[in-house]
Amino acid sequence: MDKIILKAPAKVNLSLLVLGRRSDGYHEIESVLATLDLADELAFSLGERDGTQVGCRGPWAGEVPVDAANLVWQAAALVEKEASKVGFRRPDGAKIELFKCIPAAAGLGGGSADAAATLRGLNRLWHLGWGEEKLEALAARLGSDVPFLVRGGTGLAQGRGERVKPVRSRLRLHLVLIKPPWGVSTPAVYRGWDAAHPQAVLGQGKGARSRLTRGLIEALEAGDETQALGFMVNDLEPITMGLYPQLQAARQALASGGALKVMVCGSGPTQMGIMDSPEAAREVASRLSQQFRGWWVQVACSAEPS
Ligand code: C5P
């Protein structure tokens, strides 16, 4: 069989509402997510020997672990284990080549996207015949963002992020992404949220928060960008900005460059400026690349309207 080549798109959170801390240590969230045209690429082929080999190239290859810490490797191990339960034996293993274009520890879901693509790729390579529900259930075992990234597009994620419903958005957002030359630990940001909300009771105020989510989904479905912008909130943003005040300068530069809205992506440290046209996005990106030497600056678009 020839190579199977899959894109693994990055995600941004158009909203990320933290509803409280759960007894399992995770946080209950409500988040509207959208995939981007920025993507890693994975090529799957049968291996020459038993076992899965993972190789990595591309602009961000240096930041990616090549051992079991890599989510691609973990996803492959999970698929093998699950397939062996139904008597599947792979004669040749698999060779996975990852081309890394999404920066790591950026809040853009890069590792999770690679894991989701690995589930889809090995399902096809090994003719396992698993449907999307089965893939999403496996995805939830790999990370909170992985189930959404199995299908991508625009979606609502609930629970710790693993319960996903599609959203039929009619908007395509033009973005400028900017990330400093360092990453952020998601658990550290969630710990910051805990410290800032010592009295938080799980589920308290859920009604008001869910109205924000519903408002955002309705605006996306109606294709009303102005309305949608008003409902976009990231509860982790004040925590990340508080921990890393050096992000403020980029925020101001995006705003003064005409961004309709500036948001931290997930737990950060990437920030996105939502621009009113692709031209405006390109212009601001070129200015920011000059101004923020050593930072990563990228123009991107959100998922195609459905
Ligand atoms: O699920 P994932 O492994 O991507 O999560 C990484 C970490 O982020 C978790 O160990 C947890 O500290 C934090 N997290 C959380 N609540 C969520 C998602 C992630 O506390 N809903």
Side-chain angles (χ1 to χ4, degrees), residues 8-35 40 63-65 67-79 100 102-119 135-152 155-165 183-206 209-210 212-213 233-240 242-244 263-270:
K11 61 82 187 164
V12 289
N13 302 75
L14 303 182
S15 70
L16 203 178
L17 305 178
V18 183
L19 305 179
R21 188 166 193 270
R22 312 189 327 184
S23 53
D24 63 3
Y26 281 92
H27 293 75
E28 192 73 9
I29 63 163
E30 236 174 50
S31 180
V32 176
L33 298 119
T35 43
D40 289 344
E63 302 208 352
V64 174
D67 56 11
N70 189 320
L71 273 175
V72 169
W73 195 93
Q74 290 175 27
L78 179 63
V79 172
K100 196 79 202 141
I102 310 171
L108 296 170
S112 303
D114 298 340
T118 301
L119 297 178
L135 295 179
E136 282 177 9
L138 291 179
R141 290 159 64 179
L142 293 164
S144 306
D145 282 336
V146 188
F148 165 70
L149 290 161
V150 168
R151 246 184 283 203
L156 168 66
Q158 290 169 297
R160 67 180 165 91
E162 87 289 9
R163 286 200 331 262
V164 184
K165 288 185 206 141
V184 156
S185 145
T186 302
V189 174
Y190 272 107
R191 280 198 300 276
W193 187 91
D194 291 338
H197 300 86
Q199 314 287 356
V201 176
L202 182 59
Q204 205 173 50
K206 186 170 188 308
R209 319 281 8 243
S210 291
L212 281 178
T213 302
V233 176
N234 179 354
D235 285 342
L236 296 181
E237 182 167 299
I239 309 298
T240 305
L243 288 170
Y244 307 101
M263 283 182 89
V264 167
C265 300
S267 53
T270 305

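All ligand and atom numbering here is 1-based and tracks the order in the structure. This structure is a prediction, so every number in the text was calculated from the model and none was measured.
- Of the polar atoms of Arg160, at least one N or O is found under 3.5 Å from an N or O of ligand 1, judged by distance alone.
- Salt bridge Lys100/Asp114: present, at least one basic N to carboxylate O contact under 4.0 Å.
- The protein heavy atom nearest to atom 5 (O) of ligand 1 is Tyr26 CE2, 4.0 Å.
- Annotation: atom 18 (C) of ligand 1 to nearest protein heavy atom, Ser144 OG, 3.5 Å.
- With ligand atoms numbered from 1 in the order given, ligand 1 contributes 20 (O) to contacts under 4.0 Å with heavy atoms of Gly25.
- Applying salt bridge (charged side-chain N to carboxylate O under 4.0 Å, His left out) to Glu30 and the options Lys165, Lys206, Arg163 leaves one that passes, Lys206.
- Backbone and side-chain nitrogen or oxygen atoms of Thr186 are examined, and none is located within less than 3.5 angstrom of a nitrogen or oxygen of ligand 1.
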- Message: Is there a side-chain contact (heavy atoms from CB on, under 4.5 Å) between Val164 and Leu156? Walk through the geometry before answering.
- Response: CA-CA 6 Å; Val164 184; Leu156 168 66; over 6 Å; no
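- Here is the list of ligand 1 atoms found below 4.0 Å of a heavy atom in Pro187: 7 (C), 12 (O).
- When all heavy atoms of Ser31 and Ser15 are compared, the closest pair comes out as OG-O, 2.7 Å.
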- side-chain contact (heavy atoms from CB on, under 4.5 Å) between Arg141 and Val146, intermediate numbers included: CA-CA 9 Å; Arg141 290 159 64 179; Val146 188; over 6 Å; no
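- Nearest protein heavy-atom neighbour of atom 20 (O) of ligand 1: His27 ND1, 2.7 Å.
- Applying the 6.0 Å contact sphere to CH2 of Trp193 captures more than 12 heavy atoms from other residues, nucleotides or ligands.
- Looking at Tyr190 against ligand 1, only its side chain comes within 4.0 Å, counting heavy atoms.
- Of the charged side-chain nitrogens involved, none lies within less than 4.0 Å of a carboxylate oxygen, so that Glu28 and Arg21 do not count as a salt-bridged pair.
- Within a 4.0 Å radius of atom 9 (C) of ligand 1, the protein contributes at least one heavy atom.
- For ligand 1, the atoms lying closer than 4.0 Å to a non-hydrogen atom of Gly143 are 1 (O).
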